[in-house]
Asker: 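Have a look at this one.
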Amino acid sequence: ADLGKYQEAITYYDKALASNSRDLSALNGKGIALHSLGKNKEAIGYFEKVLSISRNDTDALNEKGLALYYLDRDEEAITYYDKVLAINPNDQDALYNKGLALHFLGKYDEAIKYYDKVLAIDSTNTGALNRKGSALSNLNRDEEAITYYDKVLAINPGYYDSLYNKGLALDYLGKYEEAITYYDKVLVINTNDTDALTNKGLVLYNLNRDEEAITYYDKVLAINSSDD
């Protein structure tokens, strides 16, 4: 359904661009729709058209950065977020996206600084809270990480990534029974989450519940064989 929605949007933007090829809103919109379809290289072309007309368009700068990020060009993506932040140091999207790019470059301490900047503006930003927790976990600060997942879950009890990440952090801390409750919450939402199934199997194994563990590995194998 979403794919159809984005294709429909592209048709709409194409009509707008046929009557005015310099329509910034339509150029940005088409770029975002292409990005949403996973066509990031094509999307970049449209953001570049916007920037050739208006080089300080923060939407296009942010979106070009995001498209580069999805192409695993994180260092390059950061240069575009920096351009946005030079124009507006409090741009939440650029702050968050820069944090994300630093995170995936393994620069966890630096990433946390940018998540903190987002949270200074909006303390309830669930994306930044969850990602800060994840970065803390990457730094082996799992107890602290859990406090951030808890903040997310207080705002949105069904926040998928935080449920999974809290399970993982509890797992790392050896709190296996508690970890299972969070993997189970993930599996209520998506019974085919192979990461949660595998991790639940490993936790059961660590609890010497081998027969039960095998049933979870079997579920993963069944899912993977049906995907082939």
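FYI, side chains are in, hydrogens and waters are out, and symmetry mates aren't considered; it's all heavy atoms of this structure. Because the structure is predicted, anything quoted here is derived from the model rather than measured.
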Asker: Using a 4.5 Å cut-off on heavy atoms from C-beta on, say whether the side chain of I180 contacts that of L204.
Answerer: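 Touching, per the 4.5 Å side-chain cut-off.
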Asker: Table please: side-chain donor-acceptor pairs of residues 150-159 below 3.5 Å, with sequence neighbours left out.
Answerer:
from	atom 1	to	atom 2	distance (Å)
D150	OD1	K166	NZ	2.7
N156	OD1	G158	N	3.1

Asker: Could you tell me which non-hydrogen atom of A179 sits nearest to which non-hydrogen atom of D171, and how far apart they are?
Answerer: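 Scanning both residues, the minimum pair turns out to be CB-N, 3.7 Å.
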Asker: Report the C-alpha separation of N199 and Y164 in whole Å, then their side-chain angles, then the decisive distance to 0.1 Å, and conclude whether the side-chain hydrogen bond (donor to acceptor under 3.5 Å, both in side chains) test is met.
Answerer: CA-CA 10 Å; N199 289 338; Y164 177 78; 2.7 Å; yes
Asker: Please report the closest heavy-atom contact between G133 and A145, naming both atoms and the distance.
Answerer: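 Where G133 meets A145 most closely, the heavy atoms are O-CB, 3.1 Å.
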Asker: Please check if L37 and L66 belong to a single hydrophobic cluster, counting links between Ile, Leu, Val, Met, Phe, Trp and Tyr side chain heavy atoms closer than 4.5 Å.
Answerer: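 Looking at the clustering, L66 is in a separate group from L37.
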Asker: Nearest heavy-atom pair of A111 and G99: which atoms, and what distance?
Answerer: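 Result for this residue pair: CB-O, 3.3 Å.
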Asker: Rounded to the nearest 0.5 Å, what separation is found between the CG atom of L168 and the CG atom of D161?
Answerer: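 It comes to 11.5 Å.
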Asker: Quick test of your reading: applying salt bridge (charged side-chain N to carboxylate O under 4.0 Å, His left out), list the pairs with at least one residue in residues 205-214, sequence neighbours left out, ordered by first then second residue.
Answerer: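 For residues 205-214, and leaving out neighbouring residues, the salt bridge (charged side-chain N to carboxylate O under 4.0 Å, His left out) pairs sorted by first residue read E177-R209, R209-E212.
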Asker: Going from CG on N206 to OH on Y176, what distance comes out if it is rounded to the nearest 0.5 angstrom?
Answerer: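 Here the interatomic distance stands at 4.0 Å.
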Asker: Answer yes or no: is there a side-chain heavy-atom contact under 4.5 Å between N40 and L68?
Answerer: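 They are not in contact (no side-chain heavy atoms under 4.5 Å apart), so the answer is no.
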Asker: Is it true that the side chains of S162 and N130 contain a donor and an acceptor less than 3.5 Å apart?
Answerer: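 Side chains of S162 and N130: pair found under 3.5 Å.
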Asker: Taking Y172 as the starting point, is it possible to reach L197 by hopping between hydrophobic residues whose side chains are less than 4.5 Å apart?
Answerer: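 L197 and Y172: one cluster.
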Asker: Are F104 and L102 in one and the same hydrophobic cluster, where Ile, Leu, Val, Met, Phe, Trp and Tyr link if side-chain heavy atoms are under 4.5 Å apart?
Answerer: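 Same hydrophobic cluster.
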Asker: If hydrophobic residues (ILVMFWY) are linked whenever their side-chain heavy atoms come closer than 4.5 Å, directly or via other members, who joins L202 in its cluster?
Answerer: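 When side chains under 4.5 Å apart are linked, the cluster holding L202 also contains Y205, Y217.
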Asker: Just to verify, what does N90 make a side chain to side chain contact (heavy atoms under 4.5 Å, CB included) with, not counting sequence neighbours?
Answerer: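 Partners of N90 by the side chain to side chain contact (heavy atoms under 4.5 Å, CB included) criterion, ordered by chain and then number, come out as N88, I121.
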Asker: For E178, what residues pass the salt bridge (Lys or Arg N to Asp or Glu O under 4.0 Å) criterion, not counting sequence neighbours?
Answerer: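 Partners of E178 by the salt bridge (Lys or Arg N to Asp or Glu O under 4.0 Å) criterion come out as none, since no residue qualifies.
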Asker: Which pairs pass side chain to side chain donor-acceptor pair (under 3.5 Å) with one or both residues in residues 12-27, sequence neighbours excluded?
Answerer: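 Those involving residues 12-27 are D14-K30.
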Asker: With sequence neighbours left out, what residues match A135 under side chain to side chain contact (heavy atoms under 4.5 Å, CB included)?
Answerer: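 A135: side chain to side chain contact (heavy atoms under 4.5 Å, CB included) contacts with H103, Y108, I112, Y115.
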Asker: Any donor-acceptor pair under 3.5 Å linking the side chain of T11 with the backbone of Q7?
Answerer: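 Here the side-chain-to-backbone pair exists.
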Asker: Taking only distance into account, with no hydrogens and no angle test, what donor-acceptor pairs under 3.5 Å do side-chain atoms of residues 54-61 form with protein atoms, sequence neighbours excluded?
Answerer:
from	atom 1	to	atom 2	distance (Å)
D57	OD1	N28	ND2	3.4
D57	OD1	D59	N	3.1
D57	OD1	A60	N	2.9

Asker: Could you measure the distance from the CG atom of L95 to the CG atom of N125? Nearest 0.5 Å is fine.
Answerer: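 These two atoms lie 10.0 Å from each other.
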Asker: Backbone N or O of K49 within a donor-acceptor pair of the S52 side chain at under 3.5 Å?
Answerer: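 Judged by distance alone, yes, a pair lies under 3.5 Å.
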Asker: From D74 CG over to L71 CG, what is the distance, rounded to the nearest 0.5 angstrom?
Answerer: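 Interatomic distance, D74 CG to L71 CG, rounded to 0.5 Å: 10.0 Å.
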Asker: State, with a plain yes or no, whether a side-chain heavy atom of T124 is found less than 4.5 Å away from one of L119.
Answerer: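 No - every pair of side-chain heavy atoms lies 4.5 Å or more apart.
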Asker: Any pair with a residue in residues 125-137 that passes salt bridge (charged side-chain N to carboxylate O under 4.0 Å, His left out), sequence neighbours left out, goes on the list, sorted by first then second residue, please.
Answerer: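 Output for this query lists D116-K132.
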Asker: Tell me whether L139 is reachable from Y114 by hopping between hydrophobic residues (I, L, V, M, F, W, Y) whose side-chain heavy atoms are closer than 4.5 Å.
Answerer: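 No, because Y114 and L139 fall into different hydrophobic clusters, even though each may have its own neighbours under 4.5 Å.
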Asker: Minimum heavy-atom separation for D193 to L187, with atom names?
Answerer: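 Smallest heavy-atom distance, with atoms named: O-CD2, 3.9 Å.
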Asker: Hey, does Y69 have a side-chain heavy atom less than 4.5 Å from the side chain of N97?
Answerer: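 N97 vs Y69: side chains apart.
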Asker: Please name all residues satisfying side chain to side chain contact (heavy atoms under 4.5 Å, CB included) with S36, sequence neighbours left out, ordered by chain then number.
Answerer: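 Side chain to side chain contact (heavy atoms under 4.5 Å, CB included) list for S36, sorted by chain: Y6, I32.
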Asker: Please round to the nearest 0.5 Å and tell me the distance separating atom CG of L129 and atom OG of S123.
Answerer: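 Here the rounded value is 7.5 Å.
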Asker: Which pairs, with at least one residue in residues 25-65 and sequence neighbours excluded, count as a ring-ring contact (aromatic ring centres under 6.0 Å, His included)?
Answerer: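 Only H35-Y70 qualify under ring-ring contact (aromatic ring centres under 6.0 Å, His included).
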Asker: Can you list every salt bridge (charged side-chain N to carboxylate O under 4.0 Å, His left out) pair that touches residues 85-94, not counting sequence neighbours?
Answerer: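 Applying salt bridge (charged side-chain N to carboxylate O under 4.0 Å, His left out) to every pair that reaches into residues 85-94, excluding sequence neighbours, yields nothing.
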